[in-house]
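What follows is a short report on a single structure.
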Protein chains: 2
Amino acid sequence: METGKYRSSLQEKLARFEQACRKAGLKLTHQRLAVYRELAAATDHPSAEMLHCRLKSSLPTISLDTVYRTLTTLEQYGLVRKVETIESQARYEAEMHGHHHLICSRCKKIIDFHWPDFDEIPLPEGLGDFGRIRNRSVVLSGICRRCLEKKADA
Amino acid sequence: METGKYRSSLQEKLARFEQACRKAGLKLTHQRLAVYRELAAATDHPSAEMLHCRLKSSLPTISLDTVYRTLTTLEQYGLVRKVETIESQARYEAEMHGHHHLICSRCKKIIDFHWPDFDEIPLPEGLGDFGRIRNRSVVLSGICRRCLEKKADA
DNA sequence: CTATGTGCAAAGCGTTTGCGACGGT
DNA sequence: ACCGTCGCAAACGCTTTGCACATAG
């Protein structure tokens with residue numbers, strides 16, 4: 001997944017993050033920054049546990065609870081997004097722009113993709129009665145190449 | 001939500017269900033039939049607990065575990081579908097044809113809708129590299145009218 | 001009759017919370 | 001110095017599992 005183009009740079013994200021925290025009155029703790037940086041740098045939609053695991057090497061005292069709490073907090077402030085999944089473990093991402101997800105039903109890998117053609121088509125009529133629609137996202141599911149190959153082994 | 005048209009009749013579904021069970025070597029127990037019938041009759045994507053609650057009146061001895069187990073089994077055989085949600089509680093549906101979901105982020109109500117224009121547009125290029133794509137579904141989220149009105153109270 | 005499915009109770013897992021200590025601002 | 005945040009451990013809610021009994025085929 002290339003940087004640039006759609007994804008903004010890590011520096012930009014961090015800068016925006018710091019600004020947003022200040023504006024929201026959230027303290028800029030080492031832990032929060034670390035959690036955010038790790039998530040912003042990741043492209044694999046890590047879970048709280050995955051993030052905690054990665055963070056321990058650079059910040060050995062950070063606790064899993066803090067990661068949970070931080071993610072929950074950041075999500076409330078719209079700085080981070082929970083990915084729609086039917087898994088028991090929630091998965092997160094720092095990319096907030098409109099994009100969609102392709103999930104391998106076997107290994108649960110999540111791939112981001114953009115789909116401008118979809119973003120443009122109007123919603124079906126009649127949905128306006130529902131109320132206010134905020135977000136539209138596509139979830140594709142299937143089996144990734146790697147898993148298809150593994151299946152051959154079995 | 002009208003019966004007919006898109007949704008097939010309850011009888012049809014039940015008939016197909018019995019056939020599928022037989023083919024799969026699944027025993028047709030009262031409980032399984034009841035769980036399936038209740039789910040097929042529902043339009044609100046109930047959770048396991050909701051289903052259990054409704055079933056108790058007609059089948060007072062059925063246990064919550066059985067509902068869980070049945071739903072898991074049926075899902076494995078493709079007779080029932082788990083709805084993509086970020087909630088902690090899984091939600092189910094018996095409708096297996098292509099349709100999409102609109103979720104109220106406040107009250108968690110799920111609305112089905114059809115969107116032929118979407119179903120027709122081709123997937124973005126480059127996704128073919130992923131592997132095999134089985135399912136494409138749209139998840140819209142927003143706030144339903146009822147919740148918007150309630151907000152006025154607060 | 002035999003293999004599967006059920007009910008019960010207890011464990012499992014991801015996540016949240018209460019509390020005292022710590023550290024930004 | 002103060003309030004927000006952290007780490008720890010214990011609680012929580014949804015779901016799964018082990019075991020003995022019941023039941024469909």
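Proteins come first, then strands; the chains are lettered A, B, ... in the order of their sequence lines, and each starts at number 1.
Here D/dC14 presents its C1' atom at 14 Å from NE2 of B/H52, a figure rounded to the nearest Å. Going from atom CD of B/Q76 over to atom P of C/dG5 covers 11 Å, rounded to whole Å. Protein atom CD of A/E18 is 10 Å distant from nucleotide atom P of C/dT25, rounded to whole Å. In this structure, the CZ atom of A/R32 is 11 Å from the C1' atom of C/dG24, given to the nearest Å. Summarising the geometry, the separation between CG on A/L55 and P on D/dC6 is reported as 12 Å, rounded to the nearest angstrom. Between the CD atom of B/Q31 and the P atom of C/dC8 there is a distance of 11 Å, given to the nearest Å. Atom CG in B/L71 sits about 11 Å away from atom P in C/dT6, given to the nearest Å. To the nearest angstrom, P of D/dC14 lies 14 Å from CG of B/L51.
Using a 4.0 Å heavy-atom criterion, one finds that B/T61 contacts the sugar-phosphate atoms exclusively.
For A/H52 (side chain) and A/T66 (main-chain N/O), no donor-acceptor pair under 3.5 Å exists by modelled atom type.
One hydrophobic cluster, built from ILVMFWY side chains closer than 4.5 Å, holds both B/V80 and B/L33.
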> Along nucleotides 15-25 of chain D, 5' to 3', which nucleotides get a B, which get an S, and which get a -, given that the test is a protein heavy-atom distance under 4.0 Å?
Replying inline: BBBB-----BS
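Using a cut-off of 4.0 Å between Lys/Arg side-chain N and Asp/Glu carboxylate O, B/E38 and B/R54 are scored as not salt-bridged. A salt bridge does not link B/K108 to B/D44: none of the charged side-chain nitrogens sits closer than 4.0 Å to a carboxylate oxygen. Contact check on A/R91 versus A/E87 returns a salt bridge, with a Lys/Arg side-chain nitrogen under 4.0 Å from an Asp/Glu carboxylate oxygen.
B/L55 has its side chain out of reach of B/Q31: every pair of non-hydrogen atoms, C-beta onward, lies at least 4.5 Å apart.
Dashed line: the shortest gap from a side-chain N or O of A/T66 to OP1 or OP2 of D/dC6 is not under 4.0 Å.
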